[in-house]
Amino acid sequence: MFKKDLLKDKRILITGGGTGLGKEMANHFAEHGAELYICGRRNNVLVETANEIIDKYKTQVHTQVLDIRASKDVDDYVQSIFDDKPLDGLINNAAGNFISPTKDLSHKGFDAIANIVFHGTFYMTHSVGKRWIESNHKGSIVNILTTWIWTGSPYVVPSAMSKSGIHAMTQSLAAEWGKYGIKINGIAPGPFPTKGAWDRLNPDSKNEGDGMMSSVPLGRVGDMIELQNLATFLMADGCDYLTGQTIGLDGAQYLTGGGTFSQLDKLSEEDWSNMREMIRGANNKDKADRG
Ligand code: HXC
């Protein structure tokens with residue numbers, strides 16, 4: 001779809017770039033010539049992903065262990081990159097989410113998600129954006145959102161609230177920072193199965209048949225290349241007039257009323273208890289990886 005040197009000389013930071021959607025976008029940017037900065041909480045997956053990409057595309061990939069909830073760490077990290085040379089692109093991809101009846105959430109559970117998605121995404125955007133403004137350098141930001149920013153969704157309320165806030169940030173900063181040559185857009189993917197998301201949003205895999213997938217008019221989940229192409233287009237030069245927009249990439253799922261977790265209404269308390277155990281198992285495995 002694109003010339004192989006489309007992103008040559010672009011330096012792009014991807015939060016949560018070691019796994020899932022972040023890793024997929026990183027691969028595609030590297031294939032098109034970008035130099036990458038990937039950060040996340042687990043060193044082992046970052047290093048593994050970086051080595052894979054370097055092997056395949058012979059481009060530069062820098063890794064950093066970072067929890068975007070820690071605002072000072074975020075700012076120090078961004079400063080260390082700009083000390084060398086400014087970034088050209090930022091993908092706010094890191095997120096946290098799990099399905100749960102809202103009545104069963106603890107305040108710490110709410111905070112875990114809101115601190116990653118709402119606060120962490122702001123810290124990163126602010127740290128990068130203010131340096132672009134100071135150095136008179138143009139840049140492109142892409143926020144990975146969800147279609148619940150338009151509809152809300154039961155059972156993922158902290159995520160829906162936080163991502164809606166980032167959608168508001170996308171619109172607000174497009175207007176405030178347009179004069180500095182900064183464009184900022186969002187992508188709202190429908191179902192693009194990745195391990196991190198599916199372990200927490202579809203832990204028993206029951207959603208796939210009569211739930212989420214059957215509600216996509218195209219009759220299938222997203223193909224990763226479709227997300228990669230859209231993200232690459234938004235990182236490239238050539239369409240800077242496109243800013244402040246969140247683009248749904250969901251096969252028209254949410255327009256049919258199908259993009260939420262409403263179908264989970266049929267679960268019993270016992271089903272929820274089993275799901276909680278499965279999600280906690282996935283969380284604990286990730287924690288063990290973080291050491
Ligand atoms: C109820 C839960 C829970 C569950 C965790 N908690 N899982 N509560 N049901 N299933 C509670 C814990 O009990 C604890 O509260 C609090 O949340 C914090 O848990 P920790 O495990 O200590 O938090 P932490 O290690 O900071 O992990 C953050 C996390 C975790 C968000 C809970 O899931 C994570 O690291 N996720 C990152 C990856 C991820 O989520 N990927 C999916 C993104 S998908 P108490 O009060 O008990 O101490 C996405 C949208 C996709 O964003 C859209 C697809 C359509």
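Here, residue 1 is the first one in the sequence, and each next residue gets the next number. Being a predicted model, the structure only gives us computed values, none of them experimental. Indexing begins at 1, ligand by ligand and atom by atom, following the structure's order.
Taking any N or O of Arg280, backbone or side chain, at least one lies under 3.5 Å from an N or O belonging to ligand 1. Ligand 1 has a nitrogen or oxygen under 3.5 angstrom from a nitrogen or oxygen of Lys108. Distances between N or O atoms of Arg69 and those of ligand 1 include at least one value under 3.5 Å. Polar contact check, Trp198 against ligand 1: no nitrogen or oxygen pair lies under 3.5 Å apart. Any N or O atom pair closer than 3.5 Å counts here, and Ser159 shares no such pair with ligand 1.
The ligand atoms of ligand 1 that sit less than 4.0 angstrom from a heavy atom of Arg276 are 1 (C), 4 (C), 9 (N), 10 (N). Ligand-side atoms of ligand 1 in range of Ser106: 15 (O), 45 (P), 46 (O), range being under 4.0 angstrom from any heavy atom. Taking every non-hydrogen atom of Asn283 and a distance limit under 4.0 Å, the qualifying atoms of ligand 1 come out as 5 (C), 7 (N), 30 (C), 32 (C), 33 (O). If you number the atoms of ligand 1 from 1 as listed, the ones under 4.0 Å from a heavy atom of Gly109 come out as 11 (C), 15 (O), 16 (C), 17 (O). Here is the list of ligand 1 atoms found below 4.0 Å of a heavy atom in Ile279: 10 (N).
Residue contacts with ligand 1 for Ala197 involve both N, CA, C or O and side-chain atoms from C-beta outward (heavy atoms, distance under 4.0 Å). Only the side chain of Leu201 comes within 4.0 Å of ligand 1, counting heavy atoms alone; its backbone N, CA, C and O stay farther away. Here Arg290 has side-chain heavy atoms under 4.0 Å from ligand 1, and that is the only part of it that gets that close. In Lys287, the part holding a heavy atom less than 4.0 Å from any atom of ligand 1 is the side chain.
Lys72 pairs by the side chain to side chain donor-acceptor pair (under 3.5 Å) definition with Asp76, not counting sequence neighbours. Residues passing the salt bridge (Lys or Arg N to Asp or Glu O under 4.0 Å) test with Lys138 are Asp237, Asp240, sequence neighbours excluded.
Annotation: the span from Asn92 atom CG to Phe122 atom CZ amounts to 11.0 Å, rounded to 0.5 Å. The structure places CG of Asp84 at 7.0 Å from NE2 of His62, a figure rounded to the nearest 0.5 Å. Residue Ile184 holds its CD1 atom at 12.0 Å from CG of Leu242, rounded to the nearest 0.5 Å.
With atom 55 (C) of ligand 1 as the reference point, the heavy atom nearest to it among Phe110, Trp272, Trp148, Phe98 is part of Trp148. When the options Asn115, Asp199, Asn97 are ranked by their closest heavy atom to atom 40 (O) of ligand 1, first place goes to Asn97.
Put simply, Tyr155 and Val157 are part of two different groups of oily side chains (I, L, V, M, F, W, Y) that touch within less than 4.5 Å, one to the next.
Between the side chains of Thr170 and Asn143, at least one donor-acceptor pair of N or O atoms lies under 3.5 Å. No hydrogens or angles considered: a donor-acceptor pair under 3.5 Å links the side chains of Arg200 and Asn283.
Note: Trp150 and Tyr254 meet the aromatic proximity criterion, with ring centroids under 6.0 Å apart. Taking the ring centroids of Phe261 and Trp148, they lie under the 6.0 Å cut-off.
Ligand 1 lies out of reach of His107, whose nearest heavy atom is not under 4.0 Å from it.
Partner of Leu90 under the side chain to side chain contact (heavy atoms under 4.5 Å, CB included) criterion, chosen from Ile14, Thr121, Ile12, Ile141: Ile141.
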